[in-house]
Amino acid sequence: MSLNLYDTFSNSKKKFEPIDPKNIRMYVCGPTVYDYPHVGNARPVIVFDILFRILQNLYGREHVTYVRNITDVDDKIINASQENNEDINELTSRTINYFHADAKYIGAIEPSFEPRATDHIAEMINIIETLIEKNYAYIAENNVLFSSNKFSKYGSLSGKNLEEMIAGSRVDVESYKREASDFILWKPSKDNEPGWDSPWGKGRPGWHIECSAMSEKLLGKTFDIHGGGQDLIFPHHENEIAQSECANGEKFANYWVHNGFVTVEGSKMAKSDGNFVTVNELKEKYQGEVIRLTMILTHYRQPLNWTNDNLQESKKTLDKWYQYFSEVDFKPDLSVMIDENVMNALNDDMNTPQAIAELHKLFKNCKSNDQDSLNRFLISSQFLGLMNDDPSQWLSWGKDDTSVDQSKIESLIAQRNTARANKDFAEADRIRDELENLGIALEDKGAETTWKTK
RNA sequence: GGCCACGUGGCGGAAUGGUUACGCAGAGGACUGCAAAUCCUUGUAUACCGGUUCGAUUCCGGUCGUGGCCUCCA
């Protein structure tokens, strides 16, 4: 059983062959920290969490290194700090906390390393100096720029060529660039902007150089997998390849894995239009596993339309599963292996929708109280980051927040059951309708009546 | 203008050169005072036009449509 991954560089599904099976290395572009993470930020967190789990399962937990960086120096951060009138360090540490809380909420296990750009300025300066020495970079008006036409493979990840890019450019080219496709390695900082001393004066790094520096430091010059959102293919990852391969003279990453975009209720997610959903606001209405299941119900390379209907469907599925486990007395046997069909689906380029279909089939078999299916269903679900809660806690989630007084609900239920006992069904139904209008649904189970929020 | 991806039933969403995806919703049945929940059964699909093929939803070409990238973006 081997892992196949779709590689953006070759535009094809490829068998994953590690550089060193004892030391699998994956680098994923993490968040730029200036605001609450939205569902678009959450998607790669979950996608690469799944890949991390698969790699750990195949090669052993201690043989996989997963690096997810934090970009904490960037123009968007500077702008946000000025808008909020907030110190940059306060802004970034505040939003890093949001990010960590949300990643945990949606069940992502922590990466091996989470390096911050501002802790690696010296490493970045080193690479830039090497690029200047090797004549891949030049200085113009206090900026250091990478000379894109010096790297013959430039554009090969994104399938672009330089002439096309110049012909199609929609933006005015800065006059100091020799070529439109040249990009900034280092730029000067104004007095009110964060800056570090460098051979080129006080300034700050360009966007792309941080990933080259941090991946090399933590994973070496060549590593196995580089991941991120599809939007990063160009220019970000293209530029990382150019910088790193020109500085090192070695291949950068062997596999490029990119997740698709998220739309919200059918239209493009755009902060400027207010058309976006943060994980933080979803927390009020949904458990983390509902968000996670909704996310992995679509294959990671497909566009994902984020809708309330899909969230409700995921919630319904998990409610059903937890309901069942709240009713059976079952302790999973932790030595049971992940179901083969689930694992095969995941090994086929992370086909999570197929894996979930297999979970549904296993669940169906659980109904006959088949111990083996029960075990495999739970172990496999948990591998995907689902079914980790205590069933009774899951089912009572959110009940505390009900606007209706719980004792009032219990009292109405008691009144209704008295009416039922007296065969006063009109009154019983009236009470049920009353609760219904309060958002409370009743379930009669034998002699007992339970309720839940709708 | 250039490059790229996608277009599957009422909805979500996999897969595949010829055979059931799966889930939700719908329909019928069981259960119930009636419901709900649960269980059983069940209908519906591959944008359009050509081509290759014994046979295409699957491969190729074209058309239309949607989205993304080319500028910061997960």
Side-chain angles (χ1 to χ4, degrees), chain A residues 8 11 28-32 34 37-48 71 74-77 79 155 158-173 180-181 183 207 227-236 238 258-263 266-272 276 293-294 296-305 307 309-317 319-320 323-324 327 345 348 351-361 363-364 367-368 419-421 423-426 428-429 432-433 435-436 441-446 449-452 454:
Chain A
T8 308
N11 269 317
V28 174
C29 289
T32 301
Y34 65 103
H38 52 64
V39 288
N41 303 116
R43 191 173 193 191
V45 171
I46 291 175
V47 165
F48 292 100
T71 300
D74 170 271
D75 287 357
K76 288 192 297 297
I77 297 173
N79 293 340
S158 52
K160 297 178 188 300
N161 64 56
L162 293 172
E163 295 81 62
E164 282 166 2
M165 275 184 271
I166 294 160
S169 180
R170 299 195 319 239
V171 69
D172 292 337
V173 176
S181 51
F183 57 90
W207 174 32
Q230 252 163 21
D231 57 314
L232 297 178
I233 295 171
F234 190 90
H236 186 52
E238 196 73 71
H258 292 101
N259 64 270
F261 256 59
V262 178
T263 54
S267 52
K268 182 186 172 170
M269 188 165 73
K271 279 198 148 179
S272 50
F276 69 104
L293 178 59
T294 304
I296 64 176
L297 220 40
T298 298
H299 183 86
Y300 78 94
R301 285 192 284 116
Q302 292 294 114
L304 168 61
N305 187 21
T307 66
D309 287 351
N310 291 350
L311 280 162
Q312 287 295 345
E313 192 174 321
S314 300
K315 179 169 165 51
K316 203 167 178 173
T317 299
D319 281 348
K320 182 174 77 175
Q323 181 68 43
Y324 179 78
E327 289 165 2
D348 181 17
N351 193 339
T352 50
Q354 181 67 51
I356 290 159
E358 298 299 337
L359 289 182
H360 281 295
K361 291 179 194 168
F363 181 72
K364 208 162 196 174
K367 296 302 182 57
S368 51
R420 287 172 73 208
K423 300 212 185 298
D424 183 358
F425 296 122
D429 291 349
R432 185 168 64 199
D433 290 345
L435 283 164
E436 178 98 14
L442 299 187
E443 289 175 20
D444 293 329
K445 291 169 187 165
T449 299
T450 60
W451 63 275
K452 63 181 179 184
K454 284 196 294 185

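Residue numbers start from 1 in every chain, and the chains themselves are labelled A, B, ... in the order their sequence lines are given, proteins ahead of strands. Values reported hereafter were calculated over all heavy atoms of this structure, with side chains retained and with hydrogens, waters and symmetry mates removed.
Across the P atoms, B/G18 and B/G13 are found 24 Å apart, a figure rounded to whole Å. A gap of 14 Å separates the P atoms of B/G62 and B/G2, to the nearest Å. If you take atom P in B/U66 and the same atom in B/G51, they sit 28 Å apart, rounded to whole Å. Comparing B/U46 with B/G9, their P atoms sit 8 Å apart, to the nearest whole Å. For the P atoms, the distance linking B/C22 with B/A14 amounts to 15 Å, nearest Å. Atom name C1', nucleotides B/U19 and B/G23: the rounded distance is 22 Å, in whole Å. Comparing B/U16 with B/C59, their P atoms are spaced 10 Å from each other, to the whole Å. Taking the C1' atom of each, B/C6 and B/U63 are spaced 16 Å apart, rounded to whole Å.
Here the side chain of A/Asn41 pairs a donor or acceptor atom with the backbone of A/His38 at under 3.5 angstrom.
With sequence neighbours excluded, the residues forming a ring-ring contact (aromatic ring centres under 6.0 Å, His included) with A/His236 are A/Trp207, A/His208, listed by chain and number.
At the heavy-atom level, A/Val262 lies under 4.0 Å from base atoms of the strands shown. Note on A/Asp429: a base of the nucleic acid sits closer than 4.0 angstrom, heavy atoms only. Looking at heavy-atom distances under 4.0 Å, A/His299 makes contact with sugar-phosphate atoms alone, never a base. Residue A/Asp309 is classed as having no contact, given no heavy-atom separation below 4.0 Å to the nucleic acid.
Sequence order on RNA chain B of the closest nucleotides to A/Gln323 and A/Gln230 puts A/Gln323 first from the 5' end.
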A/Thr352 and A/Tyr300: side-chain contact (heavy atoms from CB on, under 4.5 Å), yes or no, with the steps? CA-CA 8 Å; A/Thr352 50; A/Tyr300 78 94; over 6 Å; no

Criterion side-chain contact (heavy atoms from CB on, under 4.5 Å) on A/Tyr34 and A/Asn79, from CA distance to verdict: CA-CA 9 Å; A/Tyr34 65 103; A/Asn79 293 340; over 6 Å; no

Go through A/Arg43 and A/Leu304 one step at a time and tell me if the side-chain contact (heavy atoms from CB on, under 4.5 Å) criterion holds. CA-CA 9 Å; A/Arg43 191 173 193 191; A/Leu304 168 61; 3.5 Å; yes

Before you tell me yes or no, could you show the steps for A/Asn351 and A/Glu358 under side-chain contact (heavy atoms from CB on, under 4.5 Å), namely the whole-Å CA-CA distance, both residues' side-chain angles and the distance that decides it to 0.1 Å? CA-CA 11 Å; A/Asn351 193 339; A/Glu358 298 299 337; over 6 Å; no

Under 3.5 Å, which protein N or O atoms sit close to an N or O of nucleotides 20-27 of chain B? Give each pair with its distance.
residue	atom	partner	partner atom	Å
B/G23	N2	A/Glu313	OE1	3.4
B/G23	N2	A/Glu313	OE2	3.2
B/G23	N3	A/Glu313	OE2	3.2
B/C24	OP1	A/Lys320	NZ	3.1
B/C24	O3'	A/Lys316	NZ	3.3
B/A25	OP1	A/Lys316	NZ	2.0

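As rounded to whole Å, 11 Å separates atom C1' of B/A36 from atom CZ of A/Arg420. What separates CZ of A/Phe234 from P of B/C72 is a distance of 9 Å, to the nearest Å. Atoms CZ (A/Arg43) and P (B/G68) sit 14 Å apart, rounded to a whole Å. Distance A/Lys452 NZ to B/U38 C1': 11 Å, rounded to the nearest Å. Nucleotide B/U38 holds its C1' atom 9 Å from the CD atom of A/Glu327, rounded to whole Å. As a whole-Å value, the separation of A/Glu238 CD from B/C70 P is 12 Å. Straight-line distance from the CG atom of A/Asn310 to the C1' atom of B/C11: 9 Å, rounded to whole Å. Separating the CG atom of A/Asp231 from the P atom of B/A5 is a distance of 17 Å, rounded to the nearest angstrom.
Under the Watson-Crick or G-U wobble criterion, with both distances below 3.5 Å, B/U38 is paired with B/A30. Shown here, B/G43 forms no base pair; nothing in the strands shown gives a Watson-Crick or G-U wobble contact with both key distances under 3.5 Å. With both pairing distances under 3.5 Å, B/A25 is matched to nothing as a Watson-Crick or G-U wobble pair. Base-pair partner of B/C6: B/G65 (Watson-Crick or G-U wobble, both distances under 3.5 Å). Partner assigned to B/U58 is none, using Watson-Crick or G-U wobble distances below 3.5 angstrom.
For A/Pro235, the listed nucleotide lying nearest its side chain is B/C70; candidates were B/C70, B/A74, B/A14. Listed candidates were B/A74, B/A36, B/G33. Nearest to the side chain of A/Arg432 is B/G33. Listed nucleotides B/C34, B/C69, B/A14 differ in distance to A/Gln302; the shortest reach to its side chain belongs to B/A14.
Remark: A/Lys445 NZ is packed, more than 12 non-hydrogen atoms of other residues, nucleotides or ligands lying under 6.0 Å away.
Using a cut-off of 4.0 Å between Lys/Arg side-chain N and Asp/Glu carboxylate O, A/Lys316 and A/Asp319 are scored as not salt-bridged.
Distances shorter than 4.0 Å separate some side-chain N or O of A/Thr32 from OP1 or OP2 on B/A74. Within the 4.0 Å cut-off from OP1 or OP2 of B/A15, at least one side-chain nitrogen or oxygen of A/Asn351 is found.
Counting distance only, with no hydrogens placed and no angle test, the side-chain atoms of A/Asp444 and the base atoms of B/A35 include a donor-acceptor pair under 3.5 Å.
In this structure, the separation between CH2 on A/Trp451 and CD on A/Glu443 is 12.0 Å, given to the nearest 0.5 Å.
Looking at heavy atoms from C-beta onward, A/Lys76 lies in side-chain contact with A/Thr32 at the 4.5 angstrom threshold.
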